[in-house]
Protein chains: 2
Amino acid sequence: MKTLSRKDEIISVAAHLFNEKGYKAVSMRDIATAMDIKAASLYNHISGKQEILSEIILKVAEEFTVGMEKVVSENSSAIKKVEKVIELHIDITVNHSEALAALNNDWMHLEDEDLKAFVKMREDYEENFRSIIKQGIDAGEIKQYHPEVILFSILSTLRTLYLWNQKRGKLDVNILKKDMVSVLIKGIV
Amino acid sequence: MKTLSRKDEIISVAAHLFNEKGYKAVSMRDIATAMDIKAASLYNHISGKQEILSEIILKVAEEFTVGMEKVVSENSSAIKKVEKVIELHIDITVNHSEALAALNNDWMHLEDEDLKAFVKMREDYEENFRSIIKQGIDAGEIKQYHPEVILFSILSTLRTLYLWNQKRGKLDVNILKKDMVSVLIKGIV
DNA sequence: GTCTATACCGCGATAGAC
DNA sequence: GTCTATCGCGGTATAGAC
């Protein structure tokens, strides 16, 4: 456990506030007040509000990218890969719950380069997931529904997991993984 | 097809912009410009920005409330009720896609009375859905997973359906209903 | 019903003292 | 590294002419 640099502290406090009210509704003064300093002092550690947002979003977006690449490169069945993706989301959600709020809701407020980088990562991620599902359907492991319906229903559940995780105080991670994998893959009937 | 009043037009244009950038990132000037008038002119039709937001959100929230009450009062199996809830979400999504963006992302910017009313409606809605699922488990119609996991995975898919509906140009509603019901209830394997 | 003009405020950001 | 003071901008909203 290393201590947070002042910059990391700003990012952490900002992520918490962005999670509650959204990027645009949180002012530099709000962030400073929460740290018991003045807004002007923030600028000794970060270049501006934009930098805070991109640090929060791109850092966790890269975790998804790396995790997905690892899953894709594995030598296992499609269903096993889907399970791994579900577990990847759960692990990241547990560790970066508040950053995921910004990633889901405020990515469109990124600028230029950062926006382009994020959109590309998200598209690649979805494309990788789509391929896994299609392989599963071709191999007869997954039922022949419209692949987009499957992709969407799983992904939207995983993407909003952070909301649910916050609301109902941390359920045990392993129980969550087990039930979530079952519900998403095997259905409820 | 009745003509839109000027007020309805403002609400419609605002919903479109809120959907793209979020409530806080859209100014009264933005809304006015999109209507080819000046910002000051908006105030002859609405009391302020707040009123626009609550008209958008509360109108569609009431549709969910009414629809859910109808489902709950039906005399049918739990699974049949879950199917009806899924269809309710799909119908509302198709008709009010942009309002759902505000409902999902900007509800916290409602004020006082409106905020209270919205939160109550959402809690009641979730509680009704939870009861249906629990009844299904008790009756042996639904597998014995943690009810919250089932509730969450279905609801989060339905709540983000508006995003997907916008991205992949309107798929036929009936095909969507059929596959979505199957995927969510029967799973993918 | 829309306009111009304007009041008033809070925003992000900077300069310079300590 | 934090402060006070301040700049310039853009926000919501109102007043009053047309």
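A, B, ... follow the sequence lines: proteins, then strands. Residue 1 opens every chain.
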- Distance in angstrom units between A:I37 CD1 and D:dT4 C1', rounded: 14 Å
- Counting primed atoms, P, OP1 and OP2 as sugar-phosphate and everything else as base, the B/S/- map of nucleotides 6-18 of chain C against protein heavy atoms under 4.0 Å is -----BBBBB---
- Message: Tell me the interatomic distance from A:L4, atom CG, to D:dG1, atom C1', rounded to whole angstroms.
- Response: 17 Å
- Query: Is there side-chain contact between A:F152 and B:M180, with heavy atoms separated by less than 4.5 Å?
  - Reply: yes
- Message: Could you tell me how far apart B:E51 (CD) and D:dT12 (P) are, to the nearest whole angstrom?
- Response: 15 Å
- Message: Is the terminal nitrogen or CZ of B:K49 (NZ for Lys, CZ for Arg) located under 6.0 angstrom from the six-membered ring centre of B:Y23 and within 45° of that ring's axis?
- Response: yes
- Atom-to-atom span, CG of A:D36 to P of D:dG1 - whole angstrom: 18 Å
- Message: Please determine whether a side-chain nitrogen of the Lys or Arg among A:E83 and A:K177 lies less than 4.0 Å from a carboxylate oxygen of the Asp or Glu.
- Response: no
- Between atom NZ in B:K21 and atom P in D:dG11, what is the gap in whole Å? 9 Å
- How about A:K81: does its NZ atom have over 12 heavy atoms from other parts shown lying under 6.0 Å from it? yes
- Item | Protein-nucleotide distance (B:K38, atom NZ; D:dA13, atom P), rounded to Å | 19 Å
- Query: Can you find a side chain N or O atom of B:S41 that sits less than 4.0 Å from OP1 or OP2 on C:dC3?
  - Reply: yes
- Query: Quick one: do B:K59 and B:E63 make a salt bridge, cutoff under 4.0 Å?
  - Reply: no
- Do B:F64 and B:H89 have ring centroids that are under 6.0 Å from one another? yes
